[in-house]
Amino acid sequence: MNISAILTAVAVVGGVGLFLGVFLGVAGILFKVEVDEKEEAVLGALPGNNCGGCGFPGCSGLAAAIAKGEAPVNACPVGGEAVGKVIAQIMGVEAEETVRMTAFVKCAGTCDKTTQNYEYSGVEDCSMIRFVPDGGAKSCSHGCLGYGNCMKACPFGAISIKDGIAVVDKEKCKACGKCVAACPKNLIELIPYDAKCVVTCSSKDRGPVAMKACKSACIGCGLCVKACPSEAITVTDFHAHIDQSKCTGCGACKEKCPKKAIV
């Protein structure tokens with residue numbers, strides 16, 4: 001056994017290790033990335049769903065924006081008011097009032113209220129169905145197709161398909177907005193959780209056509225507009241819409257609606 005060869009090998013390996021250690025240490029100092037402690041604290045307070053409902057690319061993107069003052073402390077729709085208060089304490093600001101929102105499907109065209117123009121057999125995908133004749137087999141070309149693109153997009157399991165239409169579980173919904181983006185017919189919108197009156201229809205057809213397609217269709221008669229004491233309702237393209245910021249929930253519109261399209 002050559003002792004000198006062994007000692008030389010040990011010296012070479014040790015020297016290389018020492019060099020690499022010094023090199024990495026110097027590189028770590030030179031290229032060190034400064035960490036914003038507030039940003040890290042905000043990120044830790046966020047729920048971590050990375051749903052994008054805040055409009056930023058995941059929770060890390062929102063945390064960075066909040067730390068820079070580019071987003072409000074209550075911008076996370078999943079965390080809601082509770083998380084907003086925690087982040088407000090981290091940022092040293094007053095907690096802003098948060099209005100809980102929920103997704104709402106503007107269609108009540110269940111199987112017993114609508115008819116089928118033909119028997120469809122093919123890909124069960126809402127984005128694809130809209131390209132088939134009449135925009136789908138349902139007699140109402142404006143209504144929910146019922147193939148569940150919104151249900152598949154929801155990361156919280158808040159949407160199910162019941163009797164041919166999408167239904168939102170308000171208690172599970174976090175208002176992330178993924179279902180809104182997934183619906184090719186723009187039937188879903190975010191409304192206040194405690195909204196009292198909503199229009200369960202999106203038809204823009206004239207009264208006779210709408211009534212023929214669905215038993216609970218809005219016919220744009222305008223009786224709800226006249227009945228509303230707070231001027232919260234407008235009718236555009238034969239379709240009623242309620243401004244939730246003005247609605248007091250008195251129910252006068254619901255009572256006057258001849259088609260029970262307001263609930």
Side-chain angles (χ1 to χ4, degrees), residues 46-62 65 71 75-80 83 98-111 113-114 116-117 120-193 195 198-205 213-214 216-218 236-237 239 241-242 244 261 263:
L46 292 171
N49 294 91
N50 294 308
C51 63
C54 58
F56 292 90
C59 293
S60 59
L62 175 59
C76 176
V78 178
V83 170
T98 301
V99 177
R100 182 179 176 182
M101 305 293 282
T102 186
F104 171 66
V105 182
K106 299 177 288 184
C107 179
T110 52
C111 296
K113 294 178 181 177
T114 59
Q116 299 281 332
N117 291 331
Y120 172 77
S121 179
V123 179
E124 295 187 352
D125 181 278
C126 299
S127 296
M128 297 297 294
I129 299 298
R130 61 177 178 160
F131 294 110
V132 304
D134 299 322
K138 283 187 175 181
S139 51
C140 178
S141 60
H142 302 278
C144 177
L145 294 166
Y147 289 111
N149 283 35
C150 53
M151 180 178 69
K152 298 168 190 173
C154 179
F156 306 101
I159 302 180
S160 58
I161 303 299
K162 296 180 180 179
D163 203 11
I165 63 171
V167 178
V168 178
D169 184 334
K170 290 173 58 177
E171 302 308 318
K172 292 182 179 180
C173 178
K174 302 299 181 181
C176 69
K178 285 201 169 184
C179 58
V180 177
C183 180
K185 292 203 169 184
N186 300 315
L187 295 179
I188 306 176
E189 67 178 351
L190 298 179
I191 63 173
Y193 175 86
V198 289
V199 180
T200 60
C201 180
S202 294
S203 175
K204 292 179 175 59
D205 291 330
C214 181
S216 62
C218 172
T236 305
D237 294 331
H239 173 257
H241 182 268
I242 299 176
Q244 296 296 336
V263 299

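Just so you know, residue 1 is the first one in the sequence shown, and it goes up from there.
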Look up atom [atom1] in [X] and atom [atom2] in [Y], then write down how far apart they are to the nearest 0.5 Å.
X: C111; Y: I165; atom1: SG; atom2: CD1; answer: 8.5 Å
X: N50; Y: C59; atom1: CG; atom2: SG; answer: 4.5 Å
X: K204; Y: T236; atom1: NZ; atom2: OG1; answer: 9.0 Å
X: K113; Y: C214; atom1: NZ; atom2: SG; answer: 7.0 Å
X: K106; Y: C201; atom1: NZ; atom2: SG; answer: 10.0 Å
X: D237; Y: H142; atom1: CG; atom2: NE2; answer: 9.5 Å

**Message:** For A261, is there any backbone N or O sitting under 3.5 Å from a side-chain donor or acceptor partner on T200?
**Reply:** yes
**Asked** Side chain of D125, backbone of S127: donor and acceptor closer than 3.5 Å?
**Response** yes
Least distance between heavy atoms, [X] atom then [Y] atom:
X: A75; Y: C54; answer: O-CB, 3.5 Å
X: P77; Y: A175; answer: CB-O, 3.5 Å
X: C107; Y: C144; answer: SG-N, 3.3 Å
X: V123; Y: I129; answer: O-CD1, 3.2 Å
X: C173; Y: R100; answer: O-NH2, 4.2 Å
X: V78; Y: C51; answer: CG2-SG, 3.7 Å

With the side chain counted from C-beta on, respond yes when [X] and [Y] share a heavy-atom pair under 4.5 Å apart, and no when they do not.
X: K178; Y: P155; value: yes
X: L190; Y: F104; value: no
X: V198; Y: I191; value: yes
X: T102; Y: V168; value: yes
X: K138; Y: N117; value: no
X: K170; Y: Y193; value: yes
X: K152; Y: Y147; value: no
X: H241; Y: V199; value: no

**Message:** Walk me through whether V83 and L46 qualify under side chain to side chain contact (heavy atoms under 4.5 Å, CB included).
**Reply:** CA-CA 7 Å; V83 170; L46 292 171; 4.2 Å; yes
Would you list the atom pairs, donor with acceptor, under 3.5 Å between side chains in residues 180-189 and any protein atom, with sequence neighbours excluded?
unit_1, atom_1, unit_2, atom_2, d
K185, NZ, S141, O, 2.5

**Message:** Is it the case that over 12 heavy atoms from other parts of the model lie below 6.0 angstrom from the NZ atom of K162?
**Reply:** no
**Prompt:** Given the rule in the side chain to side chain contact (heavy atoms under 4.5 Å, CB included) test, do L62 and C76 qualify, once you have shown the distances and angles that lead to the verdict?
**Reply:** CA-CA 8 Å; L62 175 59; C76 176; 4.0 Å; yes
